[in-house]
Amino acid sequence: MGYKIAFFDIDNTIYDWKNRCMVPSGIEAMKRLKKEGVLVVLSTARPYHSAKRFGVFELGVKFDGFLGSAGGIAIYHNKVIYKQTIDHKTLRKLCKTVVSLGLTAEVVTPKNRFLVAPPTDSLERYHLVYSEVVPPVHPYHNEDATGLLLHSTSEYDEFFQKEFPSIYFHRFHECGVDVMSAPRNKGEVMLVLLKHLGLTKEDAIAFGDDFQDIAMGQAAKFVCMGNGHPDVKASADEVTEEIWNDGLAKAIARNFGW
């Protein structure tokens, strides 16, 4: 139980979407980890700006690091130590194409987001599921971008794949497509941070609930929340109780000998 670093997913691990709240017991457990000298790091599919607007950095937990965009960026003590970006030329063409089709998309930079065109019906439908603040609108001006969130329906999928064969498109919602330079996963960027810190997999533990979290097991002991998908639970090293039954706090207590 000598873990030196703990990684945490956000949605349905720290934040309970069933009851629409942060779970106090989990937050208090993370604070205790900090007091005991354990490094506490977020590992999420959300980009930095999304996590910030969601209020995660206002919980009273002084996170040591942020691994965002499902492995697209690693920030440790406010310093970017790794980022996977889309080349400027390709992204300029992609943004121009999005606008020409009457669509919109969010360009995700290391710390911010912006729309390349005004909100559309597809964006509004997306936000019925994902409660996000709509970012400002302005053209792309060669900013470094870890990815792009395309708001379109599936009728456009074949066109974009054919028009932009060098980049990776991942549809995760009827009106939401993650666009990135290559497939990525949380485990790989966690390994980047561990190497940066001189730590190993045996020093690390991670908590999550969804398919993207399975890759956490590449870099840490993986604990799945009881509310996780059955296939994710089957792949985990340990399964804890549901988030609304204080599953995160209970798992932390078990694994740190409290």
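Values below: all heavy atoms of this structure, side chains included; hydrogens, waters and symmetry mates excluded. We number each residue from 1, following the sequence as shown.
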Could you tell me which residues satisfy ring pair (Phe, Tyr, Trp, His ring centres under 6.0 Å) with Tyr168, sequence neighbours excluded, listed by chain and number? none
With rounding to the nearest 0.5 Å, note down the distance linking SG in Cys224 to CE in Met216. 10.5 Å
One should read off an interatomic distance between Leu150 CG and Glu106 CD, to the nearest 0.5 angstrom, of 10.0 Å
Thr109-Asn112 side chain donor-acceptor pair, cut-off 3.5 Å: no
What pair of heavy atoms forms the shortest contact from Ser235 to Val232, and how long is it? OG-O, 2.8 Å
Under 30°, 30 to 60°, or over 60°: which ring-plane class applies to Phe160 and Tyr156, parallel, tilted or perpendicular? tilted
Mark yes when over 12 heavy atoms from residues, nucleotides or ligands other than Lys111 sit less than 6.0 Å from its NZ; otherwise mark no. yes
Check whether any side-chain N or O of Asn255 sits under 3.5 Å from a backbone N or O of Ala251 as a donor-acceptor pair, and report yes or no. yes
Side-chain contact test, heavy atoms from C-beta onward, threshold under 4.5 Å: evaluate it for Ile5 versus Leu197 and give yes or no. yes
SB check Asp9 Lys186 (cutoff 4.0 Å): yes
So which atom in Ile73 and which in Pro110 form the shortest heavy-atom distance, rounded to 0.1 Å? CD1-CB, 3.5 Å
Heavy-atom side-chain proximity of Thr120 to Leu103 below 4.5 angstrom: no
Counting N and O atoms only, with roles assigned by atom type, does the side chain of Asn245 sit under 3.5 Å from a partner on the main chain of Glu242, one being a donor and the other an acceptor? no
Whether the side chain of Lys34 engages the backbone of Lys62 through a donor-acceptor N/O pair (distance < 3.5 Å, no angle test) should be reported. yes
Between Asn227 (side chain) and Asn12 (backbone), is there a donor-acceptor pair under 3.5 Å? yes
Test of ring centre spacing under 6.0 Å for Tyr3 and Phe256: yes
Between Asp213 (side chain only) and Asp209 (backbone N and O only), is there a donor and an acceptor less than 3.5 Å apart? yes
Counting C-beta onward and ignoring hydrogens, is there a side-chain heavy-atom pair between Ile214 and Asp231 closer than 4.5 Å? no
If hydrophobic clusters are built by linking Ile, Leu, Val, Met, Phe, Trp and Tyr wherever their side-chain heavy atoms come under 4.5 Å apart, do Phe54 and Val40 end up in the same one? yes
Is a donor on one side and an acceptor on the other found under 3.5 Å between the side chain of Lys4 and the backbone of Val38? no
Report yes or no: does Asn185 contribute a side-chain atom to a donor-acceptor pair with the main-chain N or O of Gly187 at less than 3.5 Å? yes
Should the pair Arg92 and Tyr140 be classed as cation-pi, given the thresholds of under 6.0 Å to the six-membered ring centre and 45° from the axis? no
Before accepting this row, confirm whether a basic side-chain N of the pair Arg254/Glu238 lies closer than 4.0 Å to the acidic partner's carboxylate O. yes
Under 4.0 Å between a side-chain nitrogen and a carboxylate oxygen: does that hold for Glu188 and Arg184? no
So, for Leu67 and Ala74, which heavy atoms are closest and what is the spacing to 0.1 Å? CD2-CB, 3.5 Å
For Glu158, does the CD atom have more than 12 heavy-atom neighbours from other residues, nucleotides or ligands under 6.0 Å away? no
Is there a side-chain contact between Val107 and Val116 (heavy atoms, below 4.5 Å)? yes
Does any N or O in the side chain of His151 come within less than 3.5 Å of the main-chain N or O of Ala105, such that one atom is a donor and the other an acceptor? no
Using 0.5 Å steps for rounding, measure from the OG atom of Ser152 to the OH atom of Tyr126. 12.0 Å
Look at the side chain of Thr240 and the backbone N and O of Gly247, then say whether any donor-acceptor pair between them is shorter than 3.5 Å. yes
Partner set under ring pair (Phe, Tyr, Trp, His ring centres under 6.0 Å) for Tyr48, not counting sequence neighbours: Phe57, Phe66
More than 12 heavy atoms from other groups under 6.0 Å of CZ on Arg32: yes
Check Met190 against Ala220 and note the closest heavy-atom contact, atom names and distance. CE-CB, 4.0 Å
Tell me the closest heavy-atom pair linking Ala6 and Leu33, and the distance in Å. CB-CD1, 4.1 Å
Greater than 12 external heavy atoms within 6.0 Å of Asn78's CG: no
Which pair of non-hydrogen atoms, one from Cys175 and one from Thr153, has the smallest distance, and what is that distance? SG-CG2, 4.3 Å
Donor-acceptor pair, distance only, cut-off 3.5 Å: does the side chain of Ser50 make one with the backbone of Arg46? no
Measure the CD1-CE distance between Ile243 and Met22 for me, rounded to the nearest 0.5 Å. 9.0 Å
